[in-house]
2 protein chains.
Amino acid sequence: MTTQARRQREYEQRETLLLDSARRIIRREGVSALTMDKLAAATEYAKGTIYKHFSCKEDILCGLCLDSLRHLHATFQQLSQFAGNTRSRMICLGIGYQLYTQRFPEEFDLLVAARSNNIREKASPQRLQQIDAADELVLNRIRELIVQAQEAGELTLPPRATVDDLCLGLWSVSFGLLALEHARDMIPGLDLTPPQPLLLQQISCLLDGYRWHPLSTETDYSAIYTAVYQHLQQLMSRE
Amino acid sequence: MTTQARRQREYEQRETLLLDSARRIIRREGVSALTMDKLAAATEYAKGTIYKHFSCKEDILCGLCLDSLRHLHATFQQLSQFAGNTRSRMICLGIGYQLYTQRFPEEFDLLVAARSNNIREKASPQRLQQIDAADELVLNRIRELIVQAQEAGELTLPPRATVDDLCLGLWSVSFGLLALEHARDMIPGLDLTPPQPLLLQQISCLLDGYRWHPLSTETDYSAIYTAVYQHLQQLMSRE
DNA sequence: GTCAGAAAGTGACGATTCGTCATATTGTCA
DNA sequence: TGACAATATGACGAATCGTCACTTTCTGAC
């Protein structure tokens, strides 16, 4: 049915428009400035129409997270074409994640917020489920790479560790570090390496600990880091 | 001045009472159920009185975080008396952190939430500053241990890494992993080691990567883990 | 082209929660 | 004991929420 399809398309376009408007408001005035009335005015739709899409304000925030996760996933997809040994390619994902949070700080902030009940309690179950699904897609990219490393003989997991354990470990240290990165400004007198190499250093040590070859003691990765970094920065700014 | 002092004490006691009430409401009915009117009714104080203590609802949430961080710090203090080599003692802190989040899940949830602008935008600057200060106290316990490890010759940091880098790395992986732990329930089909050893495994690999001796390949830590775990569990349940 | 019925869009409204502040109460000390 | 300060109160106006009865637009059969 052609009418049906067109309507569906229009609905999705409007959802995008609504999310874009919401994003703009948040970027300009902060999350607390986002109100349903304001969003309605900005998009020139009535409040009732917005409620056709989102069950509440928190649902919109989750909608933004979802969008953002899909973005991240797309980036990871592109990165998977990067050539090199599996370990460099994993580093590549780490750098991608970091650049992503730098380019979309508001979205990442929401991603952190969306981990807490404060938001989850109110958002619609469907939206939360979609977020989880998107999360999993991203995780799959990491998982894949670990499996490839095993197959390539570059990684042999310790006895009781599973692929998912390492996967979650990598995710944790990256998510944690980026989420805590604010601390850099907030906590005075913290003597840290600049942000860019800091995450790589942590990932690198973790990978050394898991004995993902070639170890950082065996190869000098710094040239590779720089190359990947520049490559990615171009890639992401182009969009 | 004696009157002054007594008033100050009463003020603090009431603040504790207010926070305890708020905590109870959140625990029973969720964060969104916490309203100023409800808290007023529960504590038998008027709303105006509550606003003498907290600038808004988010400020209360941050108050709870602060409380919780102080708790964590106290736990870390106690743990620093634990005997053993520096690496086991670091593991000890990790276990302490984990048990802490298990015992106070609501508080930890708030701690995650308080990292995002959603809350930070509204809370009072003083409270946020207090949180940062408390955060730093906790970090100092980790930092100390790293320095001790260096002094004991059990740890030699890689060329460009600072004490704070490692400190933040450990904090990140722990915070990240615990914050993402929900994922365990949410994301289906994740093949993970059970929660208790999972964090220890990550920390352990990270420490191996940093070459904090004795490495996990040199010593079997599992007996120590179990001992520390039981010791701590007793310690924390006693309170 | 027209029209009836379906689908989509609207915004006024009641309800909830917020934060304030003029007033009331309590406590202090000369 | 009383004057004054400190503290507590809760009624109130403002802001925001989410709903739903109504209006407008669209659709496809005739």
Can you tell me how far P of D:dT7 sits from CD of B:Gln8, to the nearest Å?
10 Å

Can you tell me if the side-chain N/O atoms of B:Thr35 get under 4.0 Å from OP1 or OP2 in C:dT17?
no

Can you check the B:Met36 CE to C:dT17 P distance for me, whole Å?
13 Å

Are any protein N/O atoms closer than 3.5 Å to N/O atoms in nucleotides 19-26 of chain D? If there are, list each pair with its distance.
unit_1	atom_1	unit_2	atom_2	d
D:dC26	O3'	A:Arg7	NH2	3.4

Are the charged groups of B:Glu136 and B:Arg141 less than 4.0 angstrom apart, N to O?
no

Report the distance from atom CZ of A:Phe54 to atom P of C:dG9, rounded to the nearest whole Å.
14 Å

Rounded to whole angstroms, how far apart are CD1 on B:Ile60 and C1' on C:dG19?
12 Å

For the residue pair A:Phe175 and A:Phe108, categorise the inter-ring angle as parallel (less than 30°), tilted (30 to 60°) or perpendicular (more than 60°).
perpendicular

So does A:Asp67 pair up with A:Arg23, basic N to acidic O under 4.0 Å?
yes

Which atom names give the shortest non-hydrogen contact between B:Leu93 and B:Phe76, and what distance separates them?
O-CE1, 3.6 Å

Thinking salt bridges, do A:Asp135 and A:Arg115 make one under a 4.0 Å N-O criterion?
yes

Interatomic distance where CD1 belongs to B:Ile50 and C1' belongs to D:dT9 [whole Å]:
12 Å

Strand contacts (DNA chain C) in residues 9-22 of chain B, 4.0 angstrom heavy-atom criterion:
none

For the residue pair A:His231 and A:Phe82, does the interplanar ring angle fall in the parallel (under 30°), tilted (30 to 60°) or perpendicular (over 60°) class?
tilted

To the nearest Å, how far apart are B:Lys52 NZ and C:dT20 P?
11 Å

Atom OH of B:Tyr45 and atom C1' of C:dT25 are separated, to the nearest Å, by 14 Å

Given the side-chain rings of A:Tyr100 and A:His71, with only the six-membered ring counted for Trp, is the space between their centroids under 6.0 Å?
no

side-chain hydrogen bond (donor to acceptor under 3.5 Å, both in side chains) between A:Gln8 and A:Glu12: does it pass, once the steps are laid out?
CA-CA 6 Å; A:Gln8 179 63 21; A:Glu12 277 158 18; 2.8 Å; yes

Starting at the 5' end of DNA chain C and moving along, which residue's nearest nucleotide shows up first, B:Lys57 or A:Ala46?
A:Ala46

If I take atom NZ in residue A:Lys38 and atom P in nucleotide D:dC17, what distance separates them, rounded to the nearest angstrom?
10 Å

With a 4.0 Å cut-off, would you call A:Glu29 and A:Arg24 a salt bridge?
no

